[in-house]
Amino acid sequence: MTKKELALEVIKRLKTAYPDADCTLDYDQAWKLLVSVRLAAQCTDARVNVVVQDLFTRYPSVAALAQAAPEEIEAIVKPCGLGKSKAKDISACMKMLHEKYNDKVPEDFNALLSLPGVGRKSANLIMGDVFGKPAIVTDTHCIRLSNRIGLVNGIKDPKKVEMELWKIIPPEEGSDLCHRLVWHGREICTARTQPHCDRCCLFDICERNL
C-alpha cells in the first residue's frame, strides 16, 4: 500500500468512526477562534472554553479587546498558562485586526501569518474551519498519529509534517482529517497510556502493528 493509498483508507475509516468530529474549541466568530487557539498552546481546549467565557463577556468585540490593556487580559487568561506572553499576543493581534483589517479576520493565509501570535497551525485552523479552504493543522495529535500510522516517517517538525501530508491527502479532506486525528488520539491512540489497539479501526493498516 502506497502512502497515498494508506491516507485514503485512513480518511475513510476515521470518517466512519468519527462522523461528527469538529474543532473542540468553542467559537461563533472568527476572531474568537483566533484568541482561543492562542490560549490553547500548552493548555487543554476544555479549559480554554471555560476561560474565554469571561474574556468575551468583558470584551465582546475586536475593538473592545484591542483597547484592553495586556495586564487586564492576562488577569483573565492566566489559568491557561503563559499568561503574560499570550495576553501580549492577543492584545497585539486584536489591535492589528482593528487598525488594519476593520475588525475582520483576513481570508488569506499569509495575512493570517502576519498577525502576532499566529503560526501555521493557527492559520490553517482558521482557513479550514472558518473559511472552508484546504488546510492541514499539524497539532501534536496529528504529528504523533501521522508518524505512528505511517503517513510520514520520523518527522516531528510541524511544517515538514504538513508539507508531507499535502502530498498524499486530498485538499478537501485535510481539515476534517486533522479533527478526526485529534479525536482518535484522545480516545484510542493515546499518548500518555498504551494505545488501545484492540479497539482501533486502523489496527490492520497501522505501521506500528505491521
Side-chain angles (χ1 to χ4, degrees), residues 14 17-98 103-107 112 115-133 135-145 158 174-193:
L14 291 183
Y18 310 98
D20 301 318
D22 56 10
C23 182
T24 51
L25 290 167
D26 297 334
Y27 70 97
D28 56 9
Q29 297 179 67
W31 69 271
K32 291 183 178 179
L33 182 57
L34 263 183
V35 171
S36 291
V37 74
R38 179 65 187 95
L39 292 176
Q42 299 182 42
C43 180
T44 65
D45 289 358
R47 175 169 290 183
V48 171
N49 288 337
V50 172
V51 170
V52 294
Q53 291 180 28
D54 289 340
L55 184 67
F56 297 149
T57 296
R58 186 171 301 185
Y59 306 107
S61 66
V62 170
L65 196 50
Q67 292 167 7
E71 294 78 15
E72 295 173 338
I73 299 173
E74 181 185 355
I76 299 174
V77 305
K78 193 173 182 179
C80 293
L82 305 174
K84 187 176 291 294
S85 62
K86 290 179 179 181
K88 181 181 177 182
D89 284 342
I90 289 169
S91 176
C93 182
M94 294 301 109
K95 280 183 168 64
M96 185 177 286
L97 286 185
H98 182 59
D103 294 359
K104 305 293 184 184
V105 175
E107 194 173 338
L112 286 169
L115 296 171
V118 177
R120 296 188 66 86
K121 182 180 76 171
S122 302
N124 271 301
L125 183 64
I126 296 293
M127 292 298 288
D129 278 41
V130 175
F131 299 121
K133 301 290 182 67
I136 292 176
V137 181
T138 49
D139 65 0
T140 55
H141 289 289
C142 178
I143 294 169
R144 180 170 55 82
L145 268 65
S175 183
D176 286 343
L177 172 62
C178 291
H179 288 319
R180 292 186 174 106
L181 287 173
V182 170
W183 286 48
H184 193 63
R186 289 175 177 170
E187 294 185 13
I188 303 296
C189 200
T190 52
R192 295 183 180 180
T193 65

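None of these values were measured; they are calculated from a predicted model. Keep in mind that the numbers below use all heavy atoms, side chains included, and drop hydrogens, waters and symmetry copies.
Residues meeting the salt bridge (charged side-chain N to carboxylate O under 4.0 Å, His left out) test with Asp20, sequence neighbours left out: none. Contacts of Ala63 classified as side-chain contact (heavy atoms from CB on, under 4.5 Å), with partners at least two apart in sequence or in another chain: Ser61, His98, Asp103. Legend: residues meeting side-chain contact (heavy atoms from CB on, under 4.5 Å) with Asp45, ordered by chain and number and at least two apart, are Thr24, Leu25, Ala40, Arg186. Not counting sequence neighbours, the partners of Lys133 by the salt bridge (charged side-chain N to carboxylate O under 4.0 Å, His left out) test are Glu107. Partners of Ser122 by side-chain contact (heavy atoms from CB on, under 4.5 Å), not counting sequence neighbours, listed by chain and number: Val37, Val118. Not a single side chain to side chain donor-acceptor pair (under 3.5 Å) links Tyr27 to another residue, sequence neighbours left out. Checked against salt bridge (charged side-chain N to carboxylate O under 4.0 Å, His left out), Arg144 has no partners two or more places apart in sequence or in another chain. Remark: Thr57 engages no residue in a side-chain contact (heavy atoms from CB on, under 4.5 Å) (not counting sequence neighbours). Partners of His179 by ring-ring contact (aromatic ring centres under 6.0 Å, His included), not counting sequence neighbours: none found.
The salt bridge (charged side-chain N to carboxylate O under 4.0 Å, His left out) analysis of residues 80-94, with sequence neighbours excluded, yields the pairs Arg38-Asp89, Glu74-Lys84. For residues 67-96, no pair satisfies ring-ring contact (aromatic ring centres under 6.0 Å, His included), with sequence neighbours left out. For residues 55-83, every residue pair satisfying the ring-ring contact (aromatic ring centres under 6.0 Å, His included) rule, not counting sequence neighbours, is listed here: Trp31-Phe56.
Asn49 and Ser36 form no side-chain donor-acceptor contact under 3.5 Å, judged by distance and modelled atom types alone.
Residues Pro70 and Ser91 share a closest heavy-atom pair of CG-OG, 3.8 Å. Of all heavy-atom pairs spanning Ala30 and Ile126, the tightest one is O-CD1, 4.0 Å. The heavy-atom pair separating Val105 from Leu112 by the smallest distance is CG1-CD2, 3.6 Å. The two residues Tyr18 and Arg180 come nearest to each other via the heavy atoms O-NE, 2.8 Å.
Here the CG-CG distance, from Leu97 to Leu34, works out to 6.0 Å after rounding to the nearest 0.5 Å.
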Stepwise side chain to side chain contact (heavy atoms under 4.5 Å, CB included) test for Asp139 and Leu181: CA-CA 10 Å; Asp139 65 0; Leu181 287 173; over 6 Å; no
Step-by-step side chain to side chain contact (heavy atoms under 4.5 Å, CB included) determination, Asp54 to Arg58: CA-CA 6 Å; Asp54 289 340; Arg58 186 171 301 185; over 6 Å; no
Residue pair Asn124, Cys178: steps toward the side chain to side chain contact (heavy atoms under 4.5 Å, CB included) verdict: CA-CA 11 Å; Asn124 271 301; Cys178 291; over 6 Å; no
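Here Asp28 pairs with Lys32 in a salt bridge; the nearest charged N to carboxylate O distance falls below 4.0 Å.
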